[in-house]
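Convention: sequence-line order gives letters A, B, ...; per-chain numbering from 1. Atoms considered below: every heavy atom in the structure, side chains included; atoms not considered: hydrogens, waters and symmetry mates.
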There are 2 protein chains.
Amino acid sequence: MGRGVSPKRAVKPARPSYILDEQIGFILRQVWQRHATIFAREIGINLTPTQWAALAKLAETGPCSQNLLGRLTAMDVATIKGVIDRLTARGLTETSPDPEDGRRLLVSLTRAGQQLAEKAAPNALAITRETLAPLDAKERETLIALLDKLR
Amino acid sequence: MGRGVSPKRAVKPARPSYILDEQIGFILRQVWQRHATIFAREIGINLTPTQWAALAKLAETGPCSQNLLGRLTAMDVATIKGVIDRLTARGLTETSPDPEDGRRLLVSLTRAGQQLAEKAAPNALAITRETLAPLDAKERETLIALLDKLR
DNA sequence: GATCATTTGTTCGTATACGAATGATGTTGC
DNA sequence: GCAACATCATTCGTATACGAACAAATGATC
């Protein structure tokens with residue numbers, strides 16, 4: 001049925017209106033996956049991207065409260081707690097109550113955490129480079145600028 | 001130590017070499033997060049981006065094996081199994097052994113799944129539009145082209 | 001200074017993610 | 001036909017993610 005009805009335009013080829021592979025969400029997911037793969041291979045020590053974000057941010061800004069660290073690293077309060085719990089269990093971070101605010105939990109790097117952050121930073125930079133390797137300098141700049149508008 | 005050694009260039013201002021917010025991985029994470037937030041608000045039905053990817057792909061290509069569906073939607077075999085299990089429990093997909101290959105588990109949309117996919121597709125397109133709303137047409141095109149190189 | 005709203009942190013429940021190990025089934029080479 | 005290999009699916013363990021509900025501490029307001 002529906003075959004040869006009219007010579008005018010027949011039935012629409014029924015091209016599905018939604019193509020997953022063309023959607024920005026799916027593309028972002030795949031690009032992130034590729035980056036995560038590169039990260040796992042190159043970071044050297046046993047660290048996830050999230051754990052590294054927390055360590056790097058602590059190294060960058062010094063000790064801060066757990067929730068603030070979560071905001072600085074774009075993590076939910078529940079997520080940052082899990083991350084810090086695991087880093088603390090590994091002796092890379094330590095926590096103490098904030099004397100100035102009884103609600104806050106101050107998070108800081110241990111010496112081991114500091115040393116690891118220093119050791120891993122070059123690898124992390126290499127990961128950034130390798131992720132962007134398919135692009136030339138101008139393309140990299142353009143991409144970052146465009147993504148910045150979508151943050 | 002190292003203080004006032006030479007008047008030539010003194011001590012480097014110790015600007016940390018690794019700035020989290022400038023790294024492509026962190027930027028990608030934040031952009032993805034914004035997209036996920038838009039998705040959750042706009043998709044209408046109770047669906048995660050991953051679940052929608054599975055439904056949309058099934059609607060696009062018809063029934064296929066669970067692992068192939070996972071590859072088409074960029075999911076690990078363990079992940080796609082969880083997704084299909086939950087979609088099947090909700091009556092949106094169904095599975096059956098492949099008569100041609102005893103290893104395969106054929107996944108297909110139920111009628112309810114089909115109807116939901118049709119109903120959600122416009123919302124999904126709107127999500128894509130809203131995610132890219134901060135960019136004009138040319139910028140959108142450029143961004144997609146650059147991200148495609150990084151997939 | 002008592003009340004109310006905010007902030008901080010914890011916990012629970014659900015849903016991705018993915019590496020690794022395992023077992024069942026297919027395919028290929030010989 | 002069978003041995004080596006690849007593919008498919010399941011399961012386990014660990015680690016994000018995040019909404020929601022909760023309790024403790026703080027701040028704002030009158």
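Checking side-chain atoms of B:Arg151 against main-chain N and O of A:Ile27 turns up no donor-acceptor pair under 3.5 Å. Judged by distance alone, with hydrogens and angles left aside, the side-chain atoms of A:Thr95 form no donor-acceptor pair with the main-chain N or O of A:Val107 at under 3.5 Å. Looking only at distances, no side-chain donor or acceptor of A:Gln66 sits under 3.5 Å from a matching main-chain atom of A:Ile84.
Taking atom CZ of A:Arg34 as the reference point, atom C1' of C:dA17 lies 19 Å away to the nearest angstrom. Counting to the nearest Å, the P atom of C:dC18 and the NE2 atom of A:His35 are 14 Å from each other. We find that CZ of B:Arg41 is positioned 14 Å from P of D:dC18, with the value rounded to whole Å. Distance B:Asp98 CG to D:dC8 P: 11 Å, rounded to the nearest Å. When the P atom of D:dA17 is taken as reference, atom CG of B:Leu28 falls 13 Å away, rounded to whole Å. Note: CH2 (A:Trp52) to P (D:dT16) measures 15 Å, nearest angstrom. When rounded to the nearest whole Å, the span between CD of B:Gln33 and P of C:dA17 equals 13 Å. In this structure, CD1 of A:Ile80 is placed 16 Å from P of D:dG19, rounded to the nearest angstrom.
Tested against B:Leu55 for a side chain to side chain contact (heavy atoms under 4.5 Å, CB included), the candidates B:Ile45, B:Val83, B:Leu116, B:Thr73 yield a single pass: B:Leu116.
Salt-bridge formation is detected for the pair B:Lys57/B:Glu60: a Lys NZ or Arg NE/NH1/NH2 atom is positioned less than 4.0 Å from an Asp or Glu carboxylate oxygen.
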*CA sep, side-chain torsions, deciding dist, call: A:Ile38, A:His35, side-chain contact (heavy atoms from CB on, under 4.5 Å)*: CA-CA 5 Å; A:Ile38 294 171; A:His35 172 262; 5.6 Å; no
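Proximity of B:Arg29 to the phosphate of D:dA17: a side-chain N or O atom is located under 4.0 Å from OP1 or OP2.
Within 4.0 Å of A:Gly82, counting heavy atoms only, lies no atom of the nucleic acid at all.
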*For each nucleotide in nucleotides 8-15 of chain C, reading 5' to 3', give B when a protein heavy atom comes within less than 4.0 Å of its base, S when such contact involves only the sugar-phosphate, and - otherwise.*
SBBBB--S
